[in-house]
Amino acid sequence: SSGFAKLLTASAVGPLFLFMASPVLSRLYSPDQYGVFGVGLTICTTLSVVLALRFELVYLKRREKIENVLAIGLVLIVITSLSSVVLLNLTNAFERVAIDVDAVFWLLLFSTGLISFYGHMIVAEKDYTTFSKAKILQSIMQVGAAILLGLAGASAGLIWALILAQFLFLFFSYCRRRDGFVFQGA
């Protein structure tokens, strides 16, 4: 179907930008910086699945008002991401990999959780065009920001580039959907 093709295109084109930029990025960032980015991203991606406590399913099953679901989901993501960072700090889970669990990590965790939550809702709406365009725009922004931050000498440039790109995804997709979510067929 056309929706599948759009999602497949976004899934293929997005990483392609990162792949094409990797020779430049590998000159700007050290292996240690890539390692910290990789470990941080892996943890954030894993935790993002449960940050909203799967609250988007309320919207999918009951067709609740989107404003209520978004507000509650946002509160859940803030609380669970802050709790995760506090727990990770208390357990010293990152000492072995030398990652500082600070505001940058929380922001990455928060933005990754929002992307997961909001992305599920967009796909559930069958708005594949918005999702695909937002994902491609996110990849372009991530590459551009990583290069610029690397040239500026930012040691956490890879992380900041991803955070900026994720917020661009959210902003773009929200602006495209500002008339609200309306279930197709509902």
Side-chain angles (χ1 to χ4, degrees), residues 7 10-12 14-19 21-22 24-26 28-57 69-70 72-123 131 134-150 152-174:
L7 291 175
S11 296
L16 185 64
F17 288 114
L18 289 168
F19 177 75
S22 55
V24 174
L25 293 173
S26 66
L28 296 172
Y29 296 99
S30 71
D32 288 344
Q33 290 168 323
Y34 265 108
V36 168
F37 174 71
V39 170
L41 183 60
T42 300
I43 291 167
C44 288
T45 303
T46 304
L47 290 175
S48 73
V49 175
V50 295
L51 283 179
L53 305 175
R54 303 301 292 166
F55 195 73
E56 69 271 12
L57 296 178
V69 175
L70 287 175
I72 293 170
L74 181 64
V75 168
L76 286 172
I77 291 168
V78 168
I79 291 169
T80 55
S81 60
L82 282 173
S83 301
S84 298
V85 169
V86 168
L87 183 63
L88 290 169
N89 268 327
L90 290 175
T91 61
N92 296 321
F94 287 138
E95 277 186 5
R96 284 182 250 149
V97 291
I99 293 179
D100 293 326
V101 182
D102 56 7
V104 175
F105 181 78
W106 176 79
L107 199 54
L108 179 61
L109 185 59
F110 176 72
S111 64
T112 305
L114 279 178
I115 289 283
S116 177
F117 177 73
Y118 197 63
H120 280 102
M121 295 178 79
I122 294 171
V123 171
F131 185 83
K135 277 308 218 184
I136 291 170
L137 187 61
Q138 176 186 352
S139 296
I140 293 169
M141 171 65 171
Q142 183 178 353
V143 168
I147 290 172
L148 290 175
L149 290 168
S155 63
L158 292 168
I159 294 172
W160 279 111
L162 179 57
I163 292 169
L164 291 170
Q166 287 179 333
F167 279 109
L168 179 66
F169 170 91
L170 292 166
F171 178 75
F172 175 82
S173 57
Y174 182 78

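These values consider heavy atoms only, across backbone and side chains, with no hydrogens, waters or symmetry-generated copies.
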Query raised in the report: Taking the side chain from Ser111 and the backbone from Leu108, do they hold a donor-acceptor pair closer than 3.5 Å?
Result: yes

Query raised in the report: Between Gln33 and Ser155, is there a donor-acceptor pair closer than 3.5 Å when you use the side chain of the first and the backbone of the second?
Result: yes

Measure the [atom1]-[atom2] distance between [X] and [Y] for me, rounded to the nearest 0.5 Å.
{"X": "Cys44", "Y": "Ile163", "atom1": "SG", "atom2": "CD1", "value": "8.0 Å"}
{"X": "Leu76", "Y": "Ser83", "atom1": "CG", "atom2": "OG", "value": "10.5 Å"}
{"X": "Leu47", "Y": "Ser116", "atom1": "CG", "atom2": "OG", "value": "11.0 Å"}
{"X": "Leu28", "Y": "Ile147", "atom1": "CG", "atom2": "CD1", "value": "7.0 Å"}

Side-chain heavy-atom pair [X], [Y] within 4.5 angstrom cut-off:
{"X": "Ser173", "Y": "Phe131", "answer": "no"}
{"X": "Trp106", "Y": "Leu82", "answer": "yes"}
{"X": "Phe117", "Y": "Ser48", "answer": "no"}
{"X": "Val39", "Y": "Tyr34", "answer": "no"}
{"X": "Leu158", "Y": "Gln142", "answer": "no"}

If you look at every heavy atom in [X] and [Y], which pair is closest and at what distance?
{"X": "Thr42", "Y": "Thr46", "value": "O-OG1, 2.8 Å"}
{"X": "Leu109", "Y": "Leu51", "value": "O-CD1, 3.4 Å"}
{"X": "Ser139", "Y": "Pro15", "value": "OG-N, 4.4 Å"}
{"X": "Ala10", "Y": "Lys135", "value": "CB-CB, 4.1 Å"}
{"X": "Leu74", "Y": "Leu114", "value": "CD1-CD2, 3.8 Å"}
{"X": "Leu149", "Y": "Ala161", "value": "CD1-N, 3.9 Å"}

Requested in this report: Given side chain to side chain contact (heavy atoms under 4.5 Å, CB included), test Asp32 with Val36 step by step and report yes or no.
Outcome: CA-CA 6 Å; Asp32 288 344; Val36 168; 5.6 Å; no

Query raised in the report: Is the ring centre of Phe167 less than 6.0 Å from the ring centre of Phe172?
Result: no

Requested in this report: Show your reasoning for whether side chain to side chain contact (heavy atoms under 4.5 Å, CB included) applies to Leu168 and Leu164.
Outcome: CA-CA 6 Å; Leu168 179 66; Leu164 291 170; over 6 Å; no

Requested in this report: Applying side chain to side chain contact (heavy atoms under 4.5 Å, CB included), run through Phe17 and Ile136 and close with a yes or a no.
Outcome: CA-CA 9 Å; Phe17 288 114; Ile136 291 170; 4.0 Å; yes

Query raised in the report: When you look at CZ of Phe171, are more than 12 heavy atoms from neighbouring residues, nucleotides or ligands closer to it than 6.0 Å?
Result: no

**Report entry** Residues Phe105, Ile43; criterion side chain to side chain contact (heavy atoms under 4.5 Å, CB included); working and verdict
**Finding:** CA-CA 10 Å; Phe105 181 78; Ile43 291 167; 3.8 Å; yes

Query raised in the report: Do the ring planes of Tyr118 and Tyr174 sit parallel (below 30°), tilted (30 to 60°) or perpendicular (above 60°)?
Result: tilted

